[in-house]
Amino acid sequence: MDYSDIHTPVLLERCVELLSPAVSRDGAVMVDATLGMGGHTEAMLERFPGLHVIGLDRDTDALRIAGERLARFGDRVTLVHTVYDGIAEAVAAAGFRRIDGALFDLGVSSLQLDEADRGFAYAKDAPLDMRMDQTAGVTAADVLATYGEGDLRRIFERYGEEKLAGRYARAIIAARSQTPIVRSAELVRILDAATPAALSHSGHPAKRVFQALRIEVNGELSVLDRAIPAALDLLDVGGRIVVMAYQSLEDRLVKRVFAAASASTAPAGLPVELPEHTPRFRLLVKGAELASDEERARNPRATPVRLRAAERIREAV
């Protein structure tokens with residue numbers, strides 16, 4: 001199978017451009033923390049013949065496909081079945097102490113969206129699974145069956161930024177008392193029925209609820225909160241990190257971590273900034289970079305992307 005026909009990596013050329021100063025030397029090591037179907041890694045290995053990539057993914061199907069796609073690169077690629085907050089352990093197990101590059105392409109992968117039976121897409125009827133790693137953890141159906149009204153409201157508000165969170169939580173509790181909610185179409189019908197007519201044209205009512213359930217099932221924000229600082233700690237001086245987020249919760253978290261890493265820690269009023277207070281990182285793009293109109297037309301999944309990047313400029317003291 002030619003995977004390039006079914007998978008278009010988001011902002012591929014921009015990622016290569018930002019990472020190339022750090023990974024173009026012989027012996028460079030990069031972590032693709034969200035390997036997916038391997039499109040970004042394939043391009044990096046093709047363009048930088050001295051590069052070794054450690055590819056991480058919690059999805060065993062993704063690892064299998066990426067393994068086939070990247071087999072021609074032999075021992076230049078190391079694939080690891082792990083969540084990306086296990087980045088430090090994966091790098092150490094591969095025999096490295098520091099890395100030169102890190103890439104995070106967050107959110108749901110093309111593979112997960114396109115496989116209807118994974119339950120990620122509200123437009124496709126499927127079992128409510130939503131686990132990125134189908135070998136472990138609770139499913140979205142488990143969450144809907146066991147969480148109380150308050151907890152459902154909390155995750156819809158926090159992870160979906162859903163204004164009707166309370167209304168939807170009550171509707172789910174009422175519906176599950178009659179029959180278990182185990183398929184995506186069933187949940188969509190419940191949400192549709194609970195949405196006031198005046199709001200029925202302000203976006204699909206299931207979109208934010210499905211996002212919230214996915215984030216809860218996979219612990220995405222807590223994992224990301226651990227993974228980005230861990231990746232920054234692993235970067236050698238001159239090393240670079242690129243992160244692509246697809247929703248505001250992820251992007252705000254990345255922005256906060258990058259801002260802290262690129263800020264001076266000198267106390268206010270200190271007449272001279274001591275070396276140990278100078279920023280450890282510098283930002284490589286201003287704010288969050290968006291996909292161009294051309295990229296969005298070519299690859300609609302790039303439409304919501306927000307890219308941020310940083311470079312380590314000194315060691316921690």
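Just the heavy atoms: all of them, side chains too, but no hydrogens, waters or symmetry mates, feed the values below. All values reported here derive from a predicted model rather than from experimental measurement.
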Worksheet entry | Derivation and outcome, side-chain contact (heavy atoms from CB on, under 4.5 Å), residues Leu152 and Val143 | CA-CA 8 Å; Leu152 288 173; Val143 170; 4.2 Å; yes

[X] side chain to [Y] backbone, donor-acceptor under 3.5 Å:
X	Y	value
Ser184	Ala126	yes
Thr139	Asp129	no
Asp59	Asp61	yes
Arg167	Ala194	yes
Arg183	Ala185	no
Asp142	Val138	no
Gln211	Tyr159	yes
Arg312	Leu232	yes
Asp32	Ala102	no

Can a salt bridge be assigned to the pair [X] and [Y] using a cut-off of 4.0 Å between side-chain N and carboxylate O?
X	Y	answer
Arg208	Glu161	no
Glu289	Arg306	no
Asp251	Arg308	yes
Arg47	Glu13	yes
Asp133	Arg58	no
Arg131	Glu216	no
Arg98	Glu315	yes
Glu157	Arg153	yes
Asp225	Arg256	yes
Asp151	Arg154	yes
Arg301	Glu295	no
Arg72	Glu42	yes
Asp100	Arg25	yes

Gap separating the [atom1] atom of [X] from the [atom2] atom of [Y], nearest 0.5 angstrom:
X	Y	atom1	atom2	value
Ser24	Leu19	OG	CG	10.5 Å
Met44	Ser20	CE	OG	7.0 Å
Gln247	Arg252	CD	CZ	8.5 Å
Ile87	Arg226	CD1	CZ	13.5 Å
Asp105	Cys15	CG	SG	7.0 Å
Glu17	Leu284	CD	CG	10.5 Å

Can you find a heavy atom in the side chain of [X] that is under 4.5 Å from one in the side chain of [Y]?
X	Y	answer
Ile228	Phe258	yes
Ile155	Ile215	no
Val188	Leu191	no
His40	Pro9	yes
Leu234	Val91	yes
Leu164	Pro196	yes
Arg240	Pro21	yes
Thr60	His81	yes

Can you name the one residue among [options] that meets side chain to side chain contact (heavy atoms under 4.5 Å, CB included) with [X]?
X	options	result
Val254	Leu224, Leu307, Ile241	Leu224
Val31	Val53, Thr41, Leu235, Ile54	Ile54
Leu144	Ile173, Ile190, Ile181, Val182	Ile181

State, to 0.1 Å, how close [X] and [Y] come at their nearest heavy-atom pair, and which atoms those are.
X	Y	answer
Val242	Ala309	CG2-CB, 4.0 Å
Asp26	Gly50	OD1-CA, 3.5 Å
Arg76	Phe48	NH2-O, 2.7 Å
Val257	Pro229	CG1-CG, 4.2 Å
Gly239	Ala22	CA-CB, 4.1 Å
Leu35	Ala66	CD2-CB, 3.5 Å

Worksheet item: Looking at the rings of Phe104 and Tyr84, which for Trp means the six-membered one, are their centres under 6.0 Å apart?
Response: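 Between Phe104 and Tyr84, the centre distance is under 6.0 Å.
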
Worksheet entry | side-chain contact (heavy atoms from CB on, under 4.5 Å) evaluation trace for Val10 with Met244 | CA-CA 9 Å; Val10 172; Met244 291 182 285; 4.0 Å; yes

Practice prompt. Take Leu253 and Leu249, measure what side-chain contact (heavy atoms from CB on, under 4.5 Å) needs, and give me the verdict at the end.
Written response: CA-CA 6 Å; Leu253 190 156; Leu249 296 171; over 6 Å; no

Discussion item. Tell me whether Arg296 at atom CZ has more than 12 heavy atoms from other residues, nucleotides or ligands lying less than 6.0 Å away.
Written reply: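 Yes, the 6.0 Å shell around CZ holds more than 12 heavy atoms from other groups.
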
Worksheet item: Should Leu12 and Val285 be counted in the same cluster of Ile, Leu, Val, Met, Phe, Trp and Tyr side chains packed under 4.5 Å apart?
Response: yes

Fill in: Stepwise side-chain hydrogen bond (donor to acceptor under 3.5 Å, both in side chains) test for Thr195 and Tyr168
CA-CA 8 Å; Thr195 303; Tyr168 289 154; 2.6 Å; yes

Discussion item. What verdict does the side-chain hydrogen bond (donor to acceptor under 3.5 Å, both in side chains) test give for His52 and Thr78, after you've listed the backbone C-alpha separation in whole Å, the side-chain angles of each residue and the deciding distance to 0.1 Å?
Written reply: CA-CA 8 Å; His52 184 100; Thr78 301; 2.8 Å; yes

Worksheet item: How far apart are the C-alpha atoms of Leu290 and Val305, what are their side-chain angles, what is the distance that settles it, and do they pass the side-chain contact (heavy atoms from CB on, under 4.5 Å) test?
Response: CA-CA 6 Å; Leu290 307 178; Val305 72; 5.8 Å; no

